[in-house]
Protein chains: 2
Amino acid sequence: MAGVRAEQRERTRAVLLEVSRRLFASRGYAAVGLAELVQAAGVTKGALYHHFEGGKVDLFRAVLTGVHEKVGAVVAAAAEAETDPWDQLLAGCRAFLVAATDPAVRRIMLVDGPAVLGWSEWRAMDEAQSASHLAEALAMLVAAGVIAAQPVAPLARLLSGAMNEAALWLAETDDPNALDDVTSALFRMLGALR
Amino acid sequence: MAGVRAEQRERTRAVLLEVSRRLFASRGYAAVGLAELVQAAGVTKGALYHHFEGGKVDLFRAVLTGVHEKVGAVVAAAAEAETDPWDQLLAGCRAFLVAATDPAVRRIMLVDGPAVLGWSEWRAMDEAQSASHLAEALAMLVAAGVIAAQPVAPLARLLSGAMNEAALWLAETDDPNALDDVTSALFRMLGALR
DNA sequence: AATTTGACATACCGTTGGTATGTACACGCT
DNA sequence: AGCGTGTACATACCAACGGTATGTCAAATT
């Protein structure tokens, strides 16, 4: 089985995603032309539009989805490595900050994402991949009485925004202690909620 | 004096800024063409490039600067209306959240800004207009012993990011209590630092 | 009055994202 | 095995876009 047809299809789609991810990450969505992109991928525009009906933004959406999923998986894995709910929260937050060191995450997910797809669509993707985990963890901590009873949705949004900004800041600075500084500041804020 | 020459110059520049601010706010930077823009402003591309050497991004930069300054002024005014440093912080934060209800602020400053100008330049503008005030207020509170001694720079970044995200969320929701919910969540976080 | 300078308008250009058409080949069917 | 069909692209093309070079006319300067 497998089919040489479907196999080829998957290959071109994969290389298209991989190449565009690299280019978008290094120079930003707007600065990358389709001509350059398809040439780097070794295909033509015909192939691109065959795989991504919506053209450039559709391709970007697919790339962003991949980035989002990867980040979500890393964060979830870090959290699940801990047993105590509070430690899970801290581990997840820290893993996110580390993951956002990757330029692809920074530029594609945090900078271009909202501008290209619009904030609401970006928000929906973020919600599906990582924000939901955060809200979940917070809800569990509230239920366990670890942090004060309060609506978790707004709190999750605030924390998510704080971490996004922190991640961008981390990527730009050359201070080697920056990660620790931000992490401890974040943990101090979280700890204050107990 | 005044000069009919300089007066005319100021007029066209002003209408160009005003019109582009409106268009960028309603449909986003990428979706607005220069042709449409200059037609709506009643001038030609020649005029635009005469006033904004860098073309479209330069025009956007000028618009964004205006938005940033306005927000900064509103926030500063709200803070100065209070006397107690802690109340100043809360008032400033609340004023920011309210100010970001304006679609121009949301779309131009929070969504398109970082993508069009790059995050570092956006960050510099933000720092100059509002983030510096926040860091200042926090430093004062630390010095006064109201909140625990800690590096204020990372804390200010986290809070700034949290508020930016909260502002975007506020603008999108139709829940009338959203502003109060977010504000109280933010104040709870801030209060936990005391 | 003559000349220069500033504030635009007009005309044009290269590039871009997007599309319509062409083509070769794997695959199901008889 | 042969044949038609649909898939997976490649090629050629287009309209629109941001940007620029040049022209024009009135205000300022001398």
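Only a predicted model underlies this, so the values are computations on that prediction, with no experimental measurement involved. Chain naming here is simple, since letters A, B, ... match the order of the sequence lines and numbering starts at 1 in each.
As a whole-Å value, the separation of L34(A) CG from dC9(D) P is 17 Å. Straight-line distance from the CD atom of E7(B) to the C1' atom of dA26(D): 15 Å, rounded to whole Å. When rounded to the nearest whole Å, the span between CG of L16(B) and C1' of dA9(C) equals 14 Å. Spacing between atom CG of L37(B) and atom P of dG19(D) amounts to 12 Å, rounded to whole angstrom units. Between the CZ atom of R9(B) and the P atom of dA9(C) there is a distance of 13 Å, rounded to whole Å.
Counting only distance, with no hydrogens or angles, the side chain of W122(A) and the backbone of M109(A) share a donor-acceptor pair below 3.5 Å. Side-chain N or O atoms of T183(A) include none that pairs as donor or acceptor with a backbone N or O of R94(A) at under 3.5 Å.
Ion pairing of R22(B) with E18(B) is absent here, as no side-chain N (NZ or NE/NH1/NH2) approaches a carboxylate O to less than 4.0 Å. R107(B) has no carboxylate O lying under 4.0 Å from a charged side-chain N of D102(B), or vice versa, which leaves the two without a salt bridge. Taking a cutoff of 4.0 Å between a charged side-chain nitrogen and a carboxylate oxygen, E36(A) and R27(A) qualify as a salt bridge. With respect to D58(A) and R61(A), a salt bridge is recorded, a charged nitrogen being found less than 4.0 Å from a carboxylate O. Using a 4.0 Å cut-off between charged nitrogen and carboxylate oxygen, D112(B) and R21(B) do not count as a salt-bridge pair.
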Protein-proximity profile, nucleotides 23-30 of chain C, B/S/- by nucleotide at the 4.0 Å heavy-atom cutoff, equals --BBS---
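For T12(B) and dC8(C), the shortest distance from a side-chain N or O to OP1 or OP2 is below 4.0 Å. Taking only side-chain nitrogens and oxygens, Q8(B) never comes nearer than 4.0 Å to OP1 or OP2 of dA27(D).
Contacts between residues 38-66 of chain B and DNA chain C, defined by a heavy-atom separation under 4.0 Å, are made by V43(B), T44(B), G46(B), A47(B), H50(B), H51(B).
Counting only N and O atoms by type, the side chains of D180(A) and S184(A) include no donor and acceptor under 3.5 Å apart.
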